[in-house]
Amino acid sequence: MLAEQVKELLERTSPTGVEESIIVQGWLRTVRHTKGVSFMDLNDGSCFSGIQIVVSPDLHNFDSEIRSLGTGCAVRVRGALVESPGSEQRYEVQAQEVEVLGDVEGDYPLQKKRHSFEFLRGIAHLRPRTNTMGAVFRVRNAASMAIHNFFQRNGFFYLHSPIITTSDCEGAGEMFRVSTLDADSPPRDEAGRVDFEKDFFGREASLTVSGQLQAEIAAMALSRVYTFGPTFRAENSNTARHLAEFWMVEPEMAFCDLKGDADLAEAFLKEVFHEVREACTEDLEFFNKRIDKTVHSRLNEVIDKPFERMTYTEAVAVLEKSGETFEFPVSWGADLQSEHERYLTEKVVSGPVIVTDYPAGIKAFYMRRNDDEKTVAAMDVLVPRIGEIIGGAQREERGDVLLGSMKEAGLSEEEYRWYLDLRRYGSVPHAGFGLGFERAVQFLTGMANIRDVIPFPRVPGYAEF
Ligand code: ATP
Ligand code: MN
């Protein structure tokens, strides 16, 4: 079996005492030599805290090896886990043996000082060893598990939707092409256009922007499904909330309307955030103290307070009456910008708010047309600091209405044959939403830039590592 980790050692109810030996392995954060004894802070990433290693100069390799160890070195330590006399930690390890696994060259970039997040992005192969990124990775992990747990508890099946697709879910055209054609001299048809019939899939293909349409297929058989996978958008948005590759969580429910969808989104965020709060106490404490002082209060707001709900029309009226000058003017029919979303959730409501029933003109073709003929049964969940964290809708289940919306959007009936078929064979009201996983992690951690909550960010002009 694998050796014990720092987390397990620190969680012990009592230390082993001097006679018994434990083994810990990790990377040194700091090394301090004083007269007669050396202290090393060893971190193995299993939890936020490291464990203090106390080393006596009596060890056989003290002068030859240990004395010169520094930040970043990898070591394996055998020793006794004992109660620590210091107030900063419960236990420490009195080393009986220190084996150097990997020494560090002199130019190790992660010295014990504050580095800017921008600098750390440039060393994404080393930044997981920082306090902040370690905590981000553990929160991502806990949030992922909490998401699966929530759906599994509620009768949803995990669906593996395809990553390569031939349909553009949003109809927005912001897709990355998947092709094996020779970029220098692609085959061309008579008209001189690139002949994608000769391409790998026999037609144009791209990376998915959403698993929703496939999730709808599955929901029409399994009733409740969700996807949780990578999503790609070739949108040229250089913002702190957009990535070209991000992870999306998309539940889809048969026999569900917009109200049920909004209720699910609210229960989902509450339970997932609650579970992460329980699982990552130490990491969240760090974020609240060092990154963003509102982490705890914002989390509590989501977990404890009922989400406010308002229609788009009401939201526009509130914004118009606010007297606030926005960069983008507000008017019925225009999409809400991030500044409007944040104003609603931070200034008007002071907590999460679900905005529903948007104008059809600014929403996707598959959203269910309301009786007023002008709006659709869409919803966005807005939260303080982030703005939109979830976007969802009741889907159009009526074949004739769907066809009308598709024609308005200029979509080909032939392309979406199968999607229309679902409306011809046992169609039922259904709804779903998409949560941007990284936006949820931003909310949980208070990290300002979305590039710092994903291990290897992909953004316009950048896809290193
Ligand atoms: P926005 O208006 O913020 O660009 P959107 O309306 O294009 O988002 P949707 O298509 O509704 O987004 O996608 C569902 C969710 O996915 C959003 O609520 C958001 O949390 C997340 N999301 C969308 N685009 C991105 C992106 N480029 N990077 C990270 N997350 C994203
Ligand atoms: Mn949206």
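We count ligands from 1, going down the list as the structure has it; atoms in each ligand are counted the same way. On a predicted model such as this, the values are computed, not experimentally measured, just so you know. By convention here, the first residue in the shown sequence is residue 1. The figures here come from the full heavy-atom set of this structure, side chains too, leaving out hydrogens, waters and symmetry mates.
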Subject >> Chi angles and distances behind the ring pair (Phe, Tyr, Trp, His ring centres under 6.0 Å) call for His296, Phe287 >> reply: CA-CA 9 Å; His296 283 329; Phe287 286 118; over 10 Å; no
**OP:** Let me see the working for Arg290 and Asn131 under side-chain hydrogen bond (donor to acceptor under 3.5 Å, both in side chains), right down to the final yes or no.
**Re:** CA-CA 10 Å; Arg290 305 298 284 274; Asn131 274 336; over 6 Å; no
Original post:
Would you call Glu11-Lys7 a salt bridge at under 4.0 Å N-O?
Top reply: yes
**OP:** Quick one: list whatever passes side-chain hydrogen bond (donor to acceptor under 3.5 Å, both in side chains) with Glu278, sequence neighbours left out.
**Re:** none
Original post:
Considering all heavy atoms of both residues, which atom of Gly50 and which atom of Leu10 are nearest to each other, and what is their separation?
Top reply: O-CD1, 4.0 Å
Subject >> Which segment of Asp335 sits under 4.0 Å of ligand 1 when only heavy atoms are counted >> reply: neither
Original post:
Going by the atom numbers of ligand 1, which of them fall below 4.0 Å from some non-hydrogen atom of Glu235?
Top reply: 24 (N), 26 (C), 27 (N)
Original post:
Is there at least one pair of N or O atoms, one from Gly436 and one from ligand 1, spaced under 3.5 Å apart?
Top reply: yes
**OP:** Would you confirm whether the ring centroid of Tyr343 sits within less than 6.0 angstrom of the ring centroid of Phe326?
**Re:** yes
Original post:
Would you say Phe246 and ligand 1 have an N/O pair spaced under 3.5 Å apart?
Top reply: no
Original post:
Of all the atoms in ligand 1, which lie at a distance below 4.0 Å from a heavy atom belonging to Ile389?
Top reply: 18 (O), 20 (O)
Original post:
Counting both backbone and side chain atoms, is some N or O of Ile450 under 3.5 Å from an N or O of ligand 1?
Top reply: no
Original post:
For ligand 1, which atoms, with element, lie under 4.0 Å from some heavy atom of Ile390?
Top reply: 18 (O)
**OP:** Answer yes or no for Arg224 and Phe151: cation-pi contact, defined as NZ/CZ to six-membered ring centre under 6.0 Å and angle to ring axis within 45°.
**Re:** no
Original post:
Nearest heavy atom to atom 23 (C) of ligand 1: which of Arg233, Gln442, Glu250, Glu174 does it belong to?
Top reply: Arg233
Original post:
Where do Glu396 and Val401 come nearest, in terms of heavy atoms and distance?
Top reply: OE1-CG1, 3.2 Å
Original post:
By number and element, which atoms of ligand 1 are closer than 4.0 Å to a non-hydrogen atom of Gly391?
Top reply: 18 (O)
Original post:
Which option out of Met248, Glu341, Arg241 puts a heavy atom nearest to atom 16 (O) of ligand 1?
Top reply: Met248
Original post:
Does at least one non-hydrogen atom of Arg439 fall below 4.0 angstrom from an atom of ligand 1?
Top reply: yes
